Student: 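Sending over a structure as structure tokens; questions will come in a sec.
Each chain gets a letter, A, B and so on, in the order the sequences are listed, and its residues count up from 1. Predicted, not measured: the structure shown is a model, and the values here were computed from it. Hydrogens, waters and symmetry mates play no part in the numbers below; they use all other heavy atoms, side chains included.
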Number of protein chains: 2
Amino acid sequence: MATGGSKRVRVIDVANAVGVSKATAVFSLNDRYDIVISEPTRQRVKNMAAKMGYKPNPLAQALSTGKTGMINIVVPYINDPFFSRFLAHFQQIAFDAHLTPIVTANFNEDENADEFMERLIHWPCDAYILCYSKKLAAFLTERKIHLEKPVVYIGEKVDGIDSVYSDHQAAIAAILNHFSEDRRTDIVFVSDEKALHYINERYRLYLDHMKRIGRKPVELVVPERSRGAAYSTVREHLAAHKPPQAFFCYNDELAIGVQRAVQDSGYNVPDVAVSGFDGLPEGDYMNPRLTTVVYPYDKMCHAAWDLLEARKENLAGASNVVEFQSSFVQGGSTRLPDRVPSLTD
Amino acid sequence: MATGGSKRVRVIDVANAVGVSKATAVFSLNDRYDIVISEPTRQRVKNMAAKMGYKPNPLAQALSTGKTGMINIVVPYINDPFFSRFLAHFQQIAFDAHLTPIVTANFNEDENADEFMERLIHWPCDAYILCYSKKLAAFLTERKIHLEKPVVYIGEKVDGIDSVYSDHQAAIAAILNHFSEDRRTDIVFVSDEKALHYINERYRLYLDHMKRIGRKPVELVVPERSRGAAYSTVREHLAAHKPPQAFFCYNDELAIGVQRAVQDSGYNVPDVAVSGFDGLPEGDYMNPRLTTVVYPYDKMCHAAWDLLEARKENLAGASNVVEFQSSFVQGGSTRLPDRVPSLTD
DNA sequence: CTGAAAGCGCTTACAG
DNA sequence: CTGAAAGCGCTTACAG
């Protein structure tokens, strides 16, 4: 049976209805002006197609042309306020470009990850947008997929493929500097295992900072990158230890759990300061508001798209990098009431 | 050029490498045990396919069989903590079933909505899962798409197609009852325009309740279903009016903005009570915790999947409905300290 | 413009 | 098991 329902209209049906050949119908519909067809004929075909509700079967077109009109957008997790912002942007961009976005979560380090990647590279699509999944980027480049189809990476600078990222250094320094100005030196770094395992910029700058001010770094490792896990870990920690002057959290997701844990343990925020990262919208609705770092999401997404478009012309060319700057945003979760806030930007 | 890279391995390549016919190769790979092929031959084909990295081209398979292996999952918005939970569940379900999920946001009432729906029905896929988009459901049933492919609706009971929903009545009653027990009678309903426009259960039960207790209902209409819009609306309201005893909010998204607005206006929550709806994870991390209503998301998703599976066998059969019960969860955002909490379940 | 044909990569019915 | 063939619905090169 034909794909897409029993009585789907085909080009041949349109051609027969108008009384022209299949070729003429196709050329008219596809605006092939390199073929000589009279304007009235073109119009008759188009009108009839519209009247009959003809839509080309994308599958057949794809098989014939090698262009699927599908674009694979990969994020580590689909149900995550951080990544879903990127998804929403790309969804809109793809819609406008008349492409079908195949949105997939790559399960990053999960047990399904390998299986996922195998399936991914065999799925026919025209291009890939990878968000924050270095492992997947390595997988694709190893198999030279980026030489066959455009691939763009968003999140970090990755060798060999076009990438877009936001530089966090100044923003991280601003947070740590802000702690110093409030004379907070007893700072705990909160992250999940992954963030410690890889060479992590936030962690590294934290270590540098602690060294500089001559204090011993303390890491609190949360078993999983979720607010719930952060909450439990910090509750336990505060049951056994005195609170630090500040919790420097890997991201907002963790900071949200941390802040709640501090409060539920009977301490006040910002007496105990809590800082996050990522600029999740919900941070603005915490009480107090979460100090965080925001990135220019929309600009990053559009830059990624532009790279992808440009790449089509030149698959083998040298890879490009587009850099943005993240910015520190101070909220009540770190501001001591008796001090004037100091924003670096 | 072939889809999916220049040197993609095809069945014929595998067949030639083993020295069997194309048909034999296909039958072996597809485990067609209705065809007599010796076991050793089957194995040789499979091993060679694995060795050569052969994966069938899904596009060609789809065109030939009429089965695309794609399932369309539609939500109003992709970047929404409520809907993205459903997405995450279905993503996993589809992965396990070896299907490719086409995740799309239908922009619900936006300007793009019509264009979106037109494209949607012409996109070849094997089935549809619609989440909370009645307009789209009507569009599909009008065109009798549900008689061609399985369609399941999640969110409400919809005539003519299989649907899964959670009944909120008891939970809504529990919230209102909870307000009464705390002697709160001055209750404001907060929703966006849509929620008032349609016949809305939460709104209707609120009106009934206010009538019963002899108080005048007050609706606060937020221009858009976002926490930011709710925040602004309530800030303005509280600048001009005395606070009510309770804000009964259409959902958590709005309640999050409302709670923050109440606090920023200088009032205490739960002196002014705020209740939400949906059981978003972030409600648990508000200060105080948000009183809300939770649904059995995972069960709903699996029920929807089961309906879809069953529907394949019998497209024309009468539609089924699976109902779940939502439950009231009391948080600190409504609990008066001097009263014993009263949970109905 | 037309008409007949090949091809994308697969599945499947059929005669041997 | 094999081999030759038709078909899914489209695109495209080619001879007229």
Student: Once you round it to whole Å, what is the distance between P of D/dC8 and CG of B/Asn57?
Tutor: 18 Å

Student: Can a salt bridge be assigned to the pair B/Lys299 and B/Asp306 using a cut-off of 4.0 Å between side-chain N and carboxylate O?
Tutor: no

Student: How far does the P atom of C/dG9 sit from the matching atom of D/dT2, given to the nearest Å?
Tutor: 22 Å

Student: What residue among A/Leu130, A/Leu136, A/Val321, A/Val164 forms side chain to side chain contact (heavy atoms under 4.5 Å, CB included) with A/Tyr153?
Tutor: A/Leu130

Student: Taking the side chain as everything from C-beta on, heavy atoms only, tell me whether A/Pro81 gets closer than 4.5 Å to B/Pro81.
Tutor: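 In short, these two side chains do not touch, never coming nearer than 4.5 Å.
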
Student: Below 4.5 Å, heavy atoms only, C-beta onward: do A/Arg311 and A/His146 meet side chain to side chain?
Tutor: no

Student: Nearest whole Å is fine: how far is C/dG9 P from B/Lys55 NZ?
Tutor: 18 Å

Student: Using the ring pair (Phe, Tyr, Trp, His ring centres under 6.0 Å) criterion, which residues pair with A/Phe139? Sequence neighbours excluded.
Tutor: none

Student: Give a yes or no on whether a salt bridge exists between A/Arg8 and A/Asp13, defined as a side-chain N under 4.0 angstrom from a carboxylate O.
Tutor: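 Looking at A/Arg8 and A/Asp13, the cut-off is not met.
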
Student: For the pair made of CG in B/Leu29 and P in C/dC10, what is the distance, rounded to whole Å?
Tutor: 10 Å

Student: In the structure I gave you, are the side-chain heavy atoms of B/Met48 and B/Val45 within less than 4.5 Å of one another anywhere?
Tutor: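 The answer is no; the side chains never approach within 4.5 Å.
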
Student: Output the rounded distance in Å from CG (B/Asp31) to P (C/dT11).
Tutor: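 Going from CG in B/Asp31 over to P in C/dT11 covers 12 Å.
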
Student: Quickly work out the A/Ile12 CD1 to D/dG7 C1' distance and round it to whole Å.
Tutor: 14 Å

Student: For B/Tyr128, what residues pass the ring pair (Phe, Tyr, Trp, His ring centres under 6.0 Å) criterion, not counting sequence neighbours?
Tutor: none

Student: Please tell me if A/Gln61 has a side-chain N or O lying less than 4.0 Å from either OP1 or OP2 of D/dT11.
Tutor: yes

Student: Taking only heavy atoms on the protein side, list every residue of residues 41-49 of chain B lying under 4.0 Å from any atom of DNA chain D, sorted numerically.
Tutor: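 Of all residues in residues 41-49 of chain B, the ones placing a heavy atom under 4.0 Å from DNA chain D are B/Thr41.
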
Student: Rounded to the nearest angstrom, tell me the gap between atom NZ in B/Lys67 and atom P in C/dT11.
Tutor: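 Interatomic distance, NZ of B/Lys67 to P of C/dT11: 15 Å.
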
Student: Picking from C/dC10, D/dC8, D/dT2, which would you name as closest to the side chain of B/Val11?
Tutor: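 The listed nucleotide nearest to B/Val11's side chain is C/dC10.
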
Student: Measure up the B/Phe82 and B/Phe86 rings against each other and bin them: parallel (under 30°), tilted (30 to 60°), perpendicular (over 60°).
Tutor: perpendicular

Student: Taking N or O atoms only and anything under 3.5 Å, show me the protein contacts with nucleotides 12-14 of chain D, one pair per line.
Tutor:
from: D/dT12; atom 1: OP2; to: A/Arg32; atom 2: NH1; distance (Å): 3.0

Student: In residues 95-105 of chain A, what donor-acceptor pairs under 3.5 Å come from side-chain atoms, sequence neighbours left out?
Tutor:
from: A/Asp96; atom 1: OD1; to: A/Gln92; atom 2: NE2; distance (Å): 3.2
from: A/His98; atom 1: NE2; to: B/Arg119; atom 2: NH2; distance (Å): 3.4
from: A/Thr104; atom 1: OG1; to: A/Asn72; atom 2: OD1; distance (Å): 3.2

Student: Can you tell me how far C1' of D/dC10 sits from CG of A/Asn16, to the nearest Å?
Tutor: 15 Å

Student: Return the value, rounded to whole Å, for the distance between atom CZ of A/Arg10 and atom P of D/dG9.
Tutor: 6 Å

Student: Tell me whether the count of non-hydrogen atoms from other residues, nucleotides or ligands lying under 6.0 Å of CG in B/Asn30 goes above 12.
Tutor: yes

Student: For DNA chain D, just give me the dot-bracket, please: Watson-Crick or G-U, both distances below 3.5 Å, ( ) intra-strand, [ ] crossing earlier pairs, | paired with another strand, . unpaired.
Tutor: |||.||||||||.|||

